[in-house]
Protein chains: 2
Amino acid sequence: MNQPKTDPRIQRTRKLIMDSFMELSNIKEFKEITITDIAAEAMINRATFYYHFEDIYDLLEKVLSEVLLVNLNCSNYPHNELTEEAITSIFVAITNFQKSLSNRCHRGYEDTIARIIREQLEIIFYQLLSPQQHSEKDEGLRIMAIILSSGMYGASVDWMRNSHKITPEEFIELAIPHLLPAHHIGSPDN
Amino acid sequence: MNQPKTDPRIQRTRKLIMDSFMELSNIKEFKEITITDIAAEAMINRATFYYHFEDIYDLLEKVLSEVLLVNLNCSNYPHNELTEEAITSIFVAITNFQKSLSNRCHRGYEDTIARIIREQLEIIFYQLLSPQQHSEKDEGLRIMAIILSSGMYGASVDWMRNSHKITPEEFIELAIPHLLPAHHIGSPDN
DNA sequence: TTGAATATGTCGCTTATACAACACATCGAA
DNA sequence: TTCGATGTGTTGTATAAGCGACATATTCAA
């Protein structure tokens with residue numbers, strides 16, 4: 001929740017690097033972006049890059065995670081509950097994220113991107129599934145989170161490929177009756 | 001001409017501080033801006049401010065100098081010569097600068113601002129008056145530069161107060177015939 | 001295939017920035 | 001006046017960032 005405050009120098013430099021990477025992504029293919037490029041664009045020393053990231057794949061991973069998280073956090077789910085609303089807004093966030101990616105030529109890294117999306121979704125679904133402040137791990141909920149994250153991601157891929165005629169909201173709402181048992185919908189007794 | 005490259009950290013931090021100060025100037029009076037404010041806005045430590053500037057007056061001075069220099073360098077005078085063109089564009093730069101200041105409430109520091117403008121102008125006029133690459137100091141030219149800088153500044157103040165009906169170009173061109181001996185106008189033999 | 005050019009990681013040392021603490025000044029309200 | 005709150009400069013120490021150098025890839029053209 002509240003980390004012990006990260007050094008502002010680290011915040012600044014990480015932002016500089018990430019922004020420069022996204023900027024370069026608009027110009028070049030991912031494969032053509034070098035760490036030397038990024039350091040030059042960010043006006044930082046190349047060695048400093050390695051202080052923050054393992055390598056360029058680590059950077060890609062963290063940039064994507066962050067962009068995705070920004071999308072997801074826009075909708076602040078109430079009371080950590082997995083409602084129809086929460087599912088819909090998560091699905092919209094995923095499709096938005098994927099649409100924004102398709103503009104930024106990351107061709108050839110679909111599987112990396114897919115893995116990152118699923119990992120982030122898994123974390124979020126696990127939180128939504130867990131009872132309040134329940135910090136002990138529950139293997140059943142973890143597996144359920146995996147199923148939901150993979151399922152949502154697969155659905156988003158399908159929507160991207162085939163179903164541009166209907167909105168993501170309409171698309172996912174077609175599935176919700178089958179996904180959530182009827183008596184769970186609408187936060188039953190609380 | 002080409003300094004041995006200043007540390008990029010210094011460039012970044014100085015820019016952060018200066019930009020934050022200008023940003024705050026749009027919101028508050030100069031008197032109400034504290035160093036604590038600036039540090040917070042720039043997301044730097046307050047102690048770091050003192051690594052770059054003596055105090056808030058030093059900052060004001062350097063910010064104004066820089067803004068003024070940007071205005072002045074827009075018109076890149078040919079061959080370091082004090083022509084009618086050069087005088088006109090310098091005068092326009094001064095009035096532009098003063099107009100931009102009047103939007104940014106610096107009331108109560110007119111004399112400080114006036115001194116800074118005159119100092120910068122003196123440097124520029126001295127360069128324009130000096131023969132090419134002539135690095136030895138000439139007291140006569142220095143005094144002439146003082147006269148020109150004070151004179152131009154005074155003229156700009158007068159224009160600000162009274163003569164908004166005519167453009168700065170028209171204003172200063174009225175004086176040029178009297179200012180420059182006729183045979184000097186128009187870069188005589190070159 | 002070779003060789004030159006460029007990119008990647010890493011290291012040691014220097015410098016800039018963060019942070020907490022301090023003494024002092026200023027200011028406004030009790 | 002006195003006190004509390006806030007701002008100013010300064011200092012000592014920890015850490016992030018800069019910089020040059022190095023060994024090792026990778027690329028690409030001869």
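We name chains A, B, ... by the order of the sequence lines, and we start the count at 1 in each one.
If you measure from atom NZ of A:Lys31 to atom P of C:dT8, you get 16 Å, rounded to the nearest angstrom. Rounded to whole Å, the distance from CD1 on B:Ile38 to P on D:dG7 is 12 Å. Put simply, CE on A:Met43 is 10 Å from P on D:dG18, counting in whole angstrom units. Straight-line distance from the OH atom of B:Tyr51 to the C1' atom of C:dT15: 6 Å, rounded to whole Å. The distance from atom OH of A:Tyr50 to atom C1' of C:dT10 is 9 Å, rounded to the nearest whole Å. Rounded to an integer number of Å, the gap from A:Ile44 CD1 to C:dT17 P is 15 Å. As a whole-Å value, the separation of B:Phe53 CZ from D:dT8 P is 15 Å. For B:Leu24 and D:dG7, the CG to P distance is 13 Å, given to the nearest whole Å.
Taking only side-chain atoms of B:Arg9, from C-beta outward, the nucleotide of D:dG7, D:dA16, D:dC19 with the closest atom is D:dA16. The side chain of B:Arg12 lies closest to D:dA17 when the candidates are C:dA18, D:dA17, C:dT8. Nearest to the side chain of B:Arg46, among C:dT15, D:dT8, D:dA21, sits D:dT8. Of the candidate nucleotides D:dT8, D:dG18, C:dT8, C:dT8 has the atom lying nearest to any side-chain atom of A:Ile35.
The 12-atom threshold is exceeded at CD of A:Glu41, counting heavy atoms of other residues, nucleotides or ligands nearer than 6.0 Å.
The bend of the helix from C:dT1-D:dA30 to C:dA30-D:dT1, defined by the angle between the axes of its first five and last five pairs, stands at 40° to the nearest 10°.
Not one side-chain nitrogen or oxygen of A:Thr13 sits closer than 4.0 Å to the OP1 or OP2 atom of D:dA16. Regarding contacts with the backbone of C:dT17, a side-chain N or O of B:His52 is found under 4.0 angstrom from either OP1 or OP2.
Positionally, the nearest nucleotide of DNA chain C for B:Ile10 lies more toward the 5' end than for the other of B:Ile10 and A:Pro8. Comparing B:Ala47 and B:Thr36 by the nucleotide of DNA chain D whose heavy atom lies nearest to each, the residue mapping closer to the 5' end is B:Thr36.
Using a 4.0 Å heavy-atom criterion, one finds that B:Arg14 contacts no nucleic acid atom at all. Nucleic acid contact class of B:Ile56 (heavy atoms, under 4.0 Å, all strands): none.
A continuous path of Ile, Leu, Val, Met, Phe, Trp and Tyr side chains, each step under 4.5 Å between heavy atoms, connects B:Met144 with B:Leu179, placing both in one hydrophobic cluster. Under the 4.5 Å side-chain heavy-atom criterion for Ile, Leu, Val, Met, Phe, Trp and Tyr, A:Tyr57 and A:Ile33 are members of the same hydrophobic cluster. If you chain together hydrophobic residues whose side chains sit under 4.5 Å apart, A:Met160 and A:Val92 never meet in one group.
Between the side chain of A:Ser149 and the backbone N or O of A:Ile146, at least one donor-acceptor pair lies under 3.5 Å.
Between B:Arg115 and B:Glu119 a salt bridge is recorded (basic side-chain N to carboxylate O distance below 4.0 Å).
Between B:Phe49 and B:Ile44, the shortest heavy-atom contact is N-CD1, 4.0 Å. The shortest heavy-atom contact between B:His52 and B:Lys62 is O-NZ, 4.2 Å.
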